[in-house]
Amino acid sequence: MVRGELLAWTQSVAGKRPARAGREAPGTLRVLEADSLHLTLCFLGSRPVEEIELATGAIAEALDGYLEGAPELSLGAPLWLPPKRPRALAVEVRDDSGALLRLQGVLAGALAGTIDWQPERRRFKAHITVARMRADRNRGGSHAGQGRDALPPTPQLRFSAPAVALYRSWLSPHGASYEAIARLSLTPASGEAPGAHADAGKSGWPAHAIE
């Protein structure tokens, strides 16, 4: 439901923007596929394949001690990212209880203590990227208006985030695709600890993504 609503909203935004000559011309929004929509908690960047098992184990161990369950979240305002020279359109994710921020901190600490990786210094800002655009190299930015373009209100939706997924991204000229290596539940069956089961398949809504 969340993915479908976000996709419909993004398509409406892309359809209202003026067309430009040429495929993928500067400022053209490329709407992401519904299966690509996710919320990144920890961006790991390029990692050795050998660290996959270590990272999965660190996430599972961290969730064993995480007792808050699935965070309750809601969609917020649309965002041009980065604000000064936008290259992507995103939607803010509101975390009124602070549970998502605490979960992010727990996972970042576990990963930093297990693999050769350090969390980003900038403050965690929960969002879902819904479209990307090609920058205008002649202007040193994009035609997105650098935050000046008026955007319609986003869908007013509340949802829970039931799982943490470890993703591997594959890059291509048409954009990135994502492979779920492991999925660990935040809503375990009665008597089980969070993260007790690790699935190697794609989740229906990977609201938490560790890339």
Side-chain angles (χ1 to χ4, degrees), residues 1-7 9 32 34-44 47 51-79 90-115 117-130 154-169 178-211:
M1 177 181 177
V2 178
R3 280 175 163 175
E5 292 280 354
L6 278 175
L7 181 61
W9 177 84
L32 301 184
D35 287 346
S36 295
L37 301 182
H38 61 272
L39 191 163
T40 300
L41 289 177
C42 301
F43 179 70
L44 303 182
R47 312 300 313 164
E51 288 188 353
I52 292 176
E53 186 174 350
L54 291 172
T56 304
I59 296 167
E61 185 175 349
L63 293 184
D64 281 344
Y66 181 79
L67 304 177
E68 294 195 51
E72 295 294 327
L73 309 170
S74 61
L75 297 182
L79 305 168
V91 174
E92 172 192 19
V93 173
R94 292 176 178 166
D95 172 32
D96 294 337
S97 70
L100 183 67
L101 181 61
R102 291 190 289 274
L103 175 62
Q104 192 272 340
V106 167
L107 294 174
L111 289 164
T114 305
I115 63 175
W117 172 85
Q118 291 299 317
E120 295 180 285
R121 292 184 178 182
R122 61 184 175 182
R123 185 176 181 274
F124 173 67
K125 186 177 183 65
H127 66 275
I128 300 170
T129 299
V130 294
T154 56
Q156 299 301 297
L157 295 177
R158 300 189 66 85
F159 59 97
S160 63
V164 169
L166 176 66
Y167 277 95
R168 185 175 187 175
S169 60
Y178 301 92
E179 174 192 359
I181 296 173
R183 180 177 184 271
L184 298 98
S185 176
L186 288 169
T187 55
S190 178
E192 292 182 343
H197 291 291
D199 271 332
K202 291 185 177 179
S203 64
W205 171 240
H208 298 314
I210 314 295
E211 294 186 336

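Keep in mind the model is a prediction, meaning the values are calculated, not measured. The analysis underlying the following values was restricted to heavy atoms, covering all of them including side chains, and did not include hydrogens, waters or symmetry mates.
You'll find the side chain of E72 stays beyond 4.5 Å of the side chain of S97, heavy atoms only. V2 places none of its side-chain heavy atoms less than 4.5 Å from the side chain of L37. Between V164 and R183 there is no side-chain heavy-atom pair separated by less than 4.5 Å. By the 4.5 Å heavy-atom criterion applied to side chains, L7 and V130 are not counted as neighbours. At least one side-chain heavy atom of T154 sits less than 4.5 Å from a side-chain heavy atom of P78.
The CG atom of L73 lies 9.0 Å from the CG atom of D96; values are rounded to the nearest 0.5 Å.
Side chain of E92 to backbone of A77: a donor-acceptor contact under 3.5 angstrom is found.
Residue pairs satisfying the side-chain hydrogen bond (donor to acceptor under 3.5 Å, both in side chains) criterion with at least one member in residues 117-126, sequence neighbours excluded, are listed as follows: E120-R122. Listed by first and then second residue, the salt bridge (charged side-chain N to carboxylate O under 4.0 Å, His left out) pairs that reach into residues 101-110 are E68-R102, sequence neighbours excluded.
Partners of E51 under the side chain to side chain donor-acceptor pair (under 3.5 Å) rule, at least two apart in sequence or in another chain, are R47. The side chain to side chain contact (heavy atoms under 4.5 Å, CB included) check on T114 picks up L54, A58, with sequence neighbours excluded. Remark: R94 pairs with no residue by the side chain to side chain donor-acceptor pair (under 3.5 Å) rule, at least two apart or across chains.
T40 and H38 share a donor-acceptor pair across their side chains, judged by distance under 3.5 Å alone.
In plain terms, the two heavy atoms of L32 and T129 that are nearest each other are CD1-O, 3.5 Å. Shown here for L100 and P71, the closest heavy-atom pair between the two residues is N-CB, 4.1 Å.
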